[in-house]
Amino acid sequence: MKKKYIEVINYLYSLQRFGIKLGLQNIEKLLKLFQNPEKDFISVHIAGTNGKGSTSSFIASILKASGYKVGLYTSPHLVDFTERIRVDGIPISREKVVEYVKSLQNEIDLLKATFFEVTTAIAFKHFADEKVDFAVIEVGLGGRLDSTNIILPAVSVITTVSYDHMNILGDTIEEIAFEKAGIIKEGIPCITGCDGKALEVIRKVANEKNSKLIVADEISKITFKESDEYKVKFDLSTGKNHYVDLVAGVPGKFQTRNAQLAVLTFELLLDLGFVNYKPENLYEGLLKVKEFSGLRARLEVLKPLSNYHQKPKIVIDVAHNYPAINQLVTELEVFKRNRLLLLFGVMRDKEYEKMIKKLSEVTDFAVATQPKIGRALDAKMISEIFKQNGVNSVYIYDSDKAFDFIVNESKEGDLILVTGSHYLAGEIIAHIEKRKIECLI
């Protein structure tokens, strides 16, 4: 089976040559071959520039804690392809991946279907076969023309809108917001954490689609209490309920917003008659989000390194654009340290100069590296920009060697931060945990 899986996964990755195709024609044809499995479960659809992965995971975790069988579809993966498609937090089996790809292969070749189109079809088929009650579906890119937009969800969620993927989604906040608002369906309610110009666009689309728009800040209020290296505590008033001492099982004050959107989504599903409600389930779902959903690399403190002579604290985070890096820098105050040593790699289509400038405010020493993906920015260029911002920096192209180097440079009491890209986070997790990384998409 291992050999078959490797053959199939290499075939899947080879579909990258077809790039990104915006539109629903291919996914419609692929799903028809599977007898339209997307109609066999209740879905929640999540778009947004940042926070959609965490929000999706919180929603899935609350639903699981409430006794439902829950599918979760997210991207990209960190180490294994199977991480993208989970049921109750458990990744799809390799045998199922082989089975589903083989059954679609002739149609894939005929359509020249993309990697993401095929992966989406596999996810929906798996969820239907597993007879999930709910599937929480994260948009891949944008929303309006994303393959996942084939679903008719019970609820749509738009987390945030900021500058990212401008070459595809548009150069202005209004253009990007319009693409993300494309997940709003006729008569289907939508929850959003957006404000400003993005909210104006989303509100206009919601009105046109006869969709009830629930704006998080207009109906609910977060009262932050405390955070540490592993969790964050807060109160939340939603208009319907007042929750005291909610604890999100991942650190970072910004996670209170993602948890807020998840709670509002669950309450809306309750209003619509889709779920039963017990407050203790909601509390459990937020607290056990990593266990119940598989969420990783969100200000994650990695286990001590037994194979390194130093024992620095290592934090890994998937912040991959300027707004996320800006948040990350603010949150680092909960991590006590003597020095901050940074391992950084980024894609060249990001606002990398702004990201590096922000990180330079808190960084004592930076090692620039280059994830093994064609879109990665040259490590030497990254190092030069750090130096221009007054940070001592070196570059090492291989991320495994870069990590070993930065650990050896560290001392007791230092904090090593790995960030800049999902792809870098995946490579370093695989290296530390002695796992083979299949490929990075």
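Taking the six-membered ring where the residue is Trp, the centroids of Y68 and F134 are separated by under 6.0 Å. Here F34 and F124 keep their ring centres 6.0 angstrom or further from each other.
Between Q260 and D217, some side-chain heavy-atom pair lies under the 4.5 Å cut-off. Between K185 and P153 there is a side-chain heavy-atom pair separated by less than 4.5 Å.
Rounded to the nearest 0.5 angstrom, I92 CD1 and R84 CZ are separated by 12.0 Å. A distance of 3.5 Å separates OG1 of T238 from CD of E267, quoted to the nearest 0.5 Å. Taking CG of L359 as the reference point, atom CG of L328 lies at 6.5 Å (rounded to 0.5 Å). For the atom pair CD1 (I222) and CG (L246), the distance works out to 10.0 Å, reported to the nearest 0.5 Å.
Ring pair F405/F365 is tilted by interplanar angle, where 30° to 60° counts as tilted. In this pair, H77 and F81 present their aromatic rings perpendicular. The plane angle is above 60°, beyond the 30 to 60° band.
Between D80 and R435 there is a salt bridge, with a side-chain nitrogen of the basic residue lying less than 4.0 Å from a carboxylate oxygen of the acidic one. Salt bridge K233/D228: absent, no basic N to carboxylate O contact under 4.0 Å. Salt-bridge annotation for R296 and E433: present, with a side-chain N of the basic residue lying under 4.0 Å from a carboxylate O of the acidic one. The pair K225-D235 meets the salt-bridge criterion, with a side-chain N (NZ, NE, NH1 or NH2) lying under 4.0 Å from an Asp/Glu carboxylate O. Between K253 and E331, none of the side-chain N atoms (NZ, or NE/NH1/NH2) sits under 4.0 Å from a carboxylate O, so this pair counts as no salt bridge. Under the 4.0 Å criterion applied to side-chain N and carboxylate O atoms, K336 and E229 are not assigned as salt-bridge partners. Checked for salt-bridge contact, R375 and D349 meet the test: a charged N lies under 4.0 Å from a carboxylate O. A salt bridge between E218 and R203 is present, with a side-chain N of the basic residue lying under 4.0 Å from a carboxylate O of the acidic one.
For the pair R348 (side chain) and G374 (backbone), a donor-acceptor distance under 3.5 Å is present. Of the possible donor and acceptor atoms, none in the side chain of E409 sits under 3.5 Å from a partner among the backbone N and O of I406. Side chain of K209 to backbone of I184: a donor-acceptor contact under 3.5 angstrom is found.
The local environment of NZ in K357 is sparse, with at most 12 non-hydrogen atoms from other residues, nucleotides or ligands closer than 6.0 Å.
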**Request:** Take D40 and K131 through the salt bridge (Lys or Arg N to Asp or Glu O under 4.0 Å) test and state the conclusion after the steps.
**Result:** CA-CA 8 Å; D40 292 345; K131 296 181 170 51; over 6 Å; no
**Item:** Full working for side-chain hydrogen bond (donor to acceptor under 3.5 Å, both in side chains) between Y243 and N241
**Value:** CA-CA 6 Å; Y243 303 96; N241 295 289; 3.3 Å; yes
**Prompt:** Could you walk me through whether I191 and S156 pass the side chain to side chain contact (heavy atoms under 4.5 Å, CB included) check?
**Reply:** CA-CA 6 Å; I191 296 171; S156 303; over 6 Å; no
**Request:** Verify side chain to side chain contact (heavy atoms under 4.5 Å, CB included) between M347 and L377, making sure each step is shown before the conclusion.
**Result:** CA-CA 5 Å; M347 301 300 105; L377 182 66; over 6 Å; no
**Message:** Set out, in order, the CA-CA distance, both residues' side-chain angles and the distance that settles side chain to side chain contact (heavy atoms under 4.5 Å, CB included) for E353 and I356, then state yes or no.
**Reply:** CA-CA 5 Å; E353 290 195 35; I356 292 169; 5.9 Å; no
**Request:** Determine, step by step, whether I382 and Y395 satisfy the side chain to side chain contact (heavy atoms under 4.5 Å, CB included) criterion, reporting the C-alpha distance in whole Å, the side-chain angles of both residues, the deciding distance to 0.1 Å, and the verdict.
**Result:** CA-CA 8 Å; I382 293 171; Y395 64 93; over 6 Å; no
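A donor and an acceptor atom, one from each side chain of S43 and E38, are nowhere located under 3.5 Å apart.
K125 forms no cation-pi arrangement with Y100, by the criterion of a distance under 6.0 Å to the ring centre and an angle within 45° of the ring axis.
Evaluation of the ring pair (Phe, Tyr, Trp, His ring centres under 6.0 Å) test over residues 254-275, restricted to residues two or more places apart or in two chains, returns none. Residue pairs meeting the salt bridge (charged side-chain N to carboxylate O under 4.0 Å, His left out) criterion with at least one member in residues 273-295, sequence neighbours excluded: E284-K288.
The two residues A181 and I202 make their nearest non-hydrogen contact at CB-CG1, 4.1 Å. Closest heavy-atom contact between V275 and L63: CG1-CD2, 3.8 Å.
Looking at D414, D364, T363 one by one, the single match for side-chain hydrogen bond (donor to acceptor under 3.5 Å, both in side chains) with R339 turns out to be D414.
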